[in-house]
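Worksheet for the structure shown next.
Proteins get letters first, then strands, A, B, ... in listed order; numbering begins at 1 in each.
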Amino acid sequence: MSDDETDWGASLSELSAVGHAPLIPPPPSGLPRVIIHIDLDCFYAQVEMVRQPALRSQPMGVRQKQMVITTNYTARARGIPKSGSVQALTQAYPELILVNGEDLYEYRRFSQRIFEVVSSMTFAHAVERLGMDENFIDVTPWVHAHLSAPAEIDPSPVQGHVFQAASWDKSDPVHRCLALGSVLAQRIRTRIREELGLTSAAGIAVNKTLAKLVGGCHKPDDQTLLLPDQTLALLQTLPSPRSIPGIGSATHASLLELGIDTLADLQAAQVSNLAEMFDRETAERLIQLSQGIDPSPVKTSGRPQSIGLEDRFKVITTRDESKTKLKWLWGRLAQLIYEDGRIPRVIRVTARDQIKERAQGRRWLKESRQTQIAGHILTGLKTNPDLPQREESQVVDICLSLLDKMVNHSAPYQLTLLGIGVSDFPPETANTIQNYFVAGAKETRNEKRQPKRSHAAMTPPNEEAMCQPTPDIDEAIRPCSKKVKPAPLAIPVCDVSDIPHDWDPEVWANLPMDIRTELLASQPIQSRTNVKPLNKKTKSIASYFQKKS
DNA sequence: CTGGGGTCCT
DNA sequence: AGGACCC
């Protein structure tokens, strides 16, 4: 949790409780941060309904193996739970339609487009992904810059709900900041609906934790703002310390051992109370989280650090079966690496062995082994989703040798999971305009190519009764994959003053924030004292985008 | 009958 | 390489 200069640290109310205030630069203006958390409603189910609109009116759920991981709101309106076992749900609700969601390919694509749409909005200073369907957006700079409008002309109407709105004071600058945030959250949600046909919930607050927590107050398809003075009221609605993001099962168990059962216990704890189980930094962070204090910055999410696939199955007991499964996994993974465009330098195999788990008395035990992979083996993926025969069998052999390090084939074993992942991508020389330009060109190139076959239609080999895929009732319809290029985004809400005068607003709006920042840094602004020199390549690319006059 | 992903830290 | 956390 390192602070950089873009992290304006805690809100006013947070600062008062922070031990080392000097380490956290105060907000320049004395105003709080404004953080939006966007959470797609039953994301997987919504994606399936976009792909197959007839499902919209049906009670539907998405299943992976024996679990229904989410149901749509039509189902929930009938009292069907949002998740559960296939067994239980189909028995109790025979009308529930289940779609197989074990292949995350489409969800990944929608997730990427959501991130792009959000990042393209000019007021989004930083966007951080959390899983496939959540994003944090820091809109602090925009909000502070637009707060100066006189209150009597600009009543800054709040969009959506206010958590316990009684103390709303429209003349309080802190409240007005958050109200502006709620307007921006509404615009983000509207764009996601217009561009992708997906509804979402949002929370607006002074830090990530509170934004996420308050966003849960009005779902689906609505949003909630938290005023700093209502922080404790919100926290009091939480049933357990476990409800705080960042306090997971292990931390919760440790807290229980210390006799800390409730959130109030943790709020009242001293660092010394926690010293037995946690180091001082962690203890301080936990107590602060329990009080709604969270200085962690919204970190701009870049390209993934790793790409991996796993498959669970009933059991594998031979090297030969493993080879077949690894081949199948690699085929799908190769497609993803190809679409990513970068060549990884490390490959890893993951496995679960039931016998080992029982021997060690553990509920689950995942092992992995990784190794560097010579560059020449994978370079074919730069231009083709399939590797030449020779390289492909080399990769599979590498995977098998990694597996051999985990299982002894002369002793009994029972694998129930295999996975392959890749990581350690070459650095992309940070986020420069050159880089963006190259990446954009590559994307266009990739999207023009049709996948040789829809890998969503690929079926795992050697299916056991237990893991038979559901009949693919949604064969085909893939709204995104048929597009050569994503539809150009409409001109987003943004202040004209944000845009350099010689730029096309639409082009500007579609540039990622860091690129805009870089270009703004190169703008001839009188007040700027530290003008970065513009190198040649940047200049020519900038002129490519700029309007001709 | 707990999925198939990810992140960062130790 | 594993473990914590997140969805």
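- By the ring-ring contact (aromatic ring centres under 6.0 Å, His included) test, Phe163(A) pairs with no residue at all, sequence neighbours left out.
- The side-chain hydrogen bond (donor to acceptor under 3.5 Å, both in side chains) search around Thr282(A) returns Asp279(A), not counting sequence neighbours.
- For the segment residues 237-245 of chain A, residues with any heavy atom less than 4.0 angstrom from an atom of DNA chain C are, sorted by number, Arg242(A), Ile244(A), Pro245(A).
- By the ring-ring contact (aromatic ring centres under 6.0 Å, His included) test, His252(A) pairs with no residue at all, sequence neighbours left out.
- Place Asp279(A) and Gln305(A) on DNA chain B by their nearest nucleotides, and Gln305(A) ends up nearer the 5' end.
- Among the heavy atoms of the strands, none lies under 4.0 Å from Ser85(A).
- For dC7(C) and dC1(B), the P atoms lie 25 Å apart once the distance is rounded to whole Å.
- Partners of Glu310(A) according to the side-chain hydrogen bond (donor to acceptor under 3.5 Å, both in side chains) rule, which considers only residues two or more places apart in sequence or in another chain, are Lys366(A).
- Close approach of DNA chain C to chain A, defined as any atom under 4.0 Å from a non-hydrogen atom of the protein, starts and stops at dA1(C) to dC7(C).
- In this structure, Ser249(A) reaches the sugar-phosphate backbone alone: every heavy-atom distance under 4.0 Å involves primed, P, OP1 or OP2 atoms, never a base.
- In this structure, the side-chain contact (heavy atoms from CB on, under 4.5 Å) partners of Asn72(A), at least two apart in sequence or on a different chain, are Ala45(A), Met49(A), Met60(A), Thr74(A), Ala75(A).
- Residues from residues 397-414 of chain A placing a heavy atom under 4.0 Å of any atom in DNA chain C do not occur.
- Relative to the side chain of Gln87(A), the nucleotides dC1(B), dC8(B), dG6(B) differ in distance, and dC1(B) lies closest.
- Residues that satisfy the side-chain hydrogen bond (donor to acceptor under 3.5 Å, both in side chains) test with Arg352(A), not counting sequence neighbours, are Glu357(A).
- Evaluation of the side-chain contact (heavy atoms from CB on, under 4.5 Å) rule for Gln370(A) yields Val346(A), Arg348(A) as partners, not counting sequence neighbours.
- Atom pair Arg352(A):CZ and dG4(B):P shows a separation of 11 Å (rounding to whole Å applied).
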Can I get a per-line list of side-chain donor-acceptor pairs under 3.5 Å for residues 88-95 of chain A, giving both atom names and the distance, sequence neighbours left out?
| residue | atom | partner | partner atom | Å |
| --- | --- | --- | --- | --- |
| Thr90(A) | OG1 | Val86(A) | O | 2.6 |
| Thr90(A) | OG1 | Gln87(A) | O | 3.3 |
| Tyr93(A) | OH | Gly79(A) | O | 3.3 |

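- Asp41(A) pairs by the salt bridge (charged side-chain N to carboxylate O under 4.0 Å, His left out) definition with nothing, not counting sequence neighbours.
- Comparing dG3(B), dG5(B), dT7(B) by their nearest atom to the side chain of Ser306(A) picks out dT7(B).
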